[in-house]
J.: 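To start, I am sharing the structure in question, which I have written as structure tokens.
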Amino acid sequence: MTTTSLQRLADLVNTHAVIRGKVTLSSGREADYYVDMRRVTLHHEAAPLIGHLLLDRLEEAGMGVGEIDAVGGLTLGADPVVCAVQHAAASRGLDLDAFLVRKEAKGHGMKRQVEGPDVAGKRVVVVEDTSTTGGSALTAVAAAREAGATVVGVASVVDRDTGAREAVQRAELPYLWVLSAADLGLEPQ
């Protein structure tokens, strides 16, 4: 990861995604700010940065394309992150599949909870846009495992420093992030 790219992503997150004011997070916790990562993960400049920076972090941690077959996560927050990492890999001439996890299996069609190429027997990393408690990531981990994948780690673009890291580590999985709350000048809440 280059310092310039990392700083540019931090600037984009602070400019476009950090909303100050009282909010209730998906975990039920109250916070003095909200990090609306869709404003950045779907941004023309930030999305490619996210893909390359996250792919770099995975490679540095021994979870690069040579060690994993796919990245995926819980829809909706993970969707653009998954695509950004997959596209970053493709731009480097690397093969990396992607998958998305529904909150629950469809009641019709194939009745799948994990969408995309079959993950059975594959080594995967679960990704997400921002982490608070780790609940979304661990939901995706459970679904991927149920579908037959071997989950080798969890990675987030922004870790809020509010317990996700510890929750994922309690689940005995490595946890990586690109930016922390401190990197963004935010106080953990």
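We're numbering straight along the sequence, starting at 1.
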J.: So do L12 and E45 actually touch side chain to side chain, heavy atoms under 4.5 Å?
T.: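 Yes. Closest side-chain heavy atoms under 4.5 Å.
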J.: Within this structure, what is the OG-CZ distance for the pair S156 and R57, rounded to the nearest 0.5 Å?
T.: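 Output value for this atom pair is 11.0 Å.
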J.: Rounded to the nearest 0.5 Å, what's the gap from CZ on R102 to CD on E115? Could you check?
T.: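 One gets 4.5 Å once the value is rounded to the nearest 0.5 Å.
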J.: Within this structure, what is the CG-CG distance for the pair D97 and D118, rounded to the nearest 0.5 Å?
T.: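 One gets 10.0 Å once the value is rounded to the nearest 0.5 Å.
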J.: Before giving the answer on side chain to side chain contact (heavy atoms under 4.5 Å, CB included), spell out for L186 and V35 the whole-Å C-alpha distance, their side-chain angles and the decisive distance to 0.1 Å.
T.: CA-CA 10 Å; L186 302 170; V35 182; 4.2 Å; yes
J.: May I have the step-by-step check of side chain to side chain contact (heavy atoms under 4.5 Å, CB included) for I50 and V40, ending in yes or no?
T.: CA-CA 9 Å; I50 288 168; V40 175; 4.0 Å; yes
J.: Under 3.5 Å, side-chain donor or acceptor atoms of residues 136-146 against the rest of the protein: list the pairs with distances, not counting sequence neighbours.
T.:
unit_1 : atom_1 : unit_2 : atom_2 : d
T139   : OG1    : G135   : O      : 2.9

J.: Which atom names give the shortest non-hydrogen contact between A47 and A84, and what distance separates them?
T.: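 A47 and A84 have their closest heavy atoms at O-CB, 3.4 Å.
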J.: Rounded to the nearest 0.5 Å, how far does CG of D159 lie from CD of E128?
T.: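 Nearest 0.5 Å value for the CD-CG distance: 9.0 Å.
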J.: Grab the two heavy atoms, one from M63 and one from I68, that are nearest each other, plus how far apart they are.
T.: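 The answer is O-CD1, 3.5 Å.
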J.: Check side chain to side chain contact (heavy atoms under 4.5 Å, CB included) between R92 and all other residues, then give those that pass, not counting sequence neighbours.
T.: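 Applying side chain to side chain contact (heavy atoms under 4.5 Å, CB included) to R92 gives H52, L55, D56, E59, L94.
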J.: Please tell me if the side chains of V101 and Q113 come closer than 4.5 Å, counting only heavy atoms from C-beta onward.
T.: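 Yes, close enough: below the 4.5 Å cut-off.
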J.: Is there a path of hydrophobic side-chain contacts, each under 4.5 Å between heavy atoms, that joins L42 and V85?
T.: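 Cluster IDs for L42 and V85 differ.
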J.: Which pair of heavy atoms, one from A89 and one from L96, lies closest together, and at what distance?
T.: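 What the structure gives for the nearest pair is CB-CB, 3.9 Å.
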J.: Does D183 offer a backbone N or O that forms a donor-acceptor pair with the side chain of S180 under 3.5 Å?
T.: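 Answer holds: yes.
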J.: To the nearest 0.5 Å, what is the distance between CG (L176) and CG (L54)?
T.: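 Nearest 0.5 Å value for the CG-CG distance: 8.0 Å.
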J.: May I ask you to test the E187-D32 pair for a side-chain heavy-atom distance under 4.5 Å?
T.: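 No, side chains not in contact.
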J.: Would you check if the side chain of D11 reaches a backbone N or O of R8 as a donor-acceptor pair within less than 3.5 Å?
T.: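 Absent.
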J.: With the side chain counted from C-beta on, respond yes when K122 and T150 share a heavy-atom pair under 4.5 Å apart, and no when they do not.
T.: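 The answer is no, as the side chains (C-beta and beyond) never meet within the 4.5 Å cut-off.
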J.: Which heavy atom of L173 sits nearest to which heavy atom of G153, and what is that distance?
T.: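 Distance-wise, the nearest heavy atoms are CD2-N, 4.1 Å.
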J.: Can you give the donor-acceptor pairs under 3.5 Å from side chains of residues 70-82 to other protein atoms, not counting sequence neighbours?
T.:
unit_1 : atom_1 : unit_2 : atom_2 : d
T75    : OG1    : D79    : OD1    : 3.0
T75    : OG1    : D79    : OD2    : 2.7

J.: Let me confirm one number: the CG-CG distance from L179 to L184, rounded to the nearest 0.5 Å.
T.: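 Here the rounded value is 5.0 Å.
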J.: Given side chain to side chain contact (heavy atoms under 4.5 Å, CB included), test V125 with V152 step by step and report yes or no.
T.: CA-CA 6 Å; V125 170; V152 299; 3.7 Å; yes
J.: Distance-only, no hydrogens or angles: does the R165 side chain make a donor-acceptor pair with backbone N or O of Y175 under 3.5 Å?
T.: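 Such a contact is absent between R165 side chain and Y175 backbone.
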J.: Can V13 and V18 be said to form a side chain to side chain contact (heavy atoms under 4.5 Å, CB included), step by step?
T.: CA-CA 6 Å; V13 170; V18 177; 4.2 Å; yes
J.: What's the shortest heavy-atom distance between G163 and E166, and which atoms?
T.: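 Reported closest heavy-atom pair: CA-OE1, 3.1 Å.
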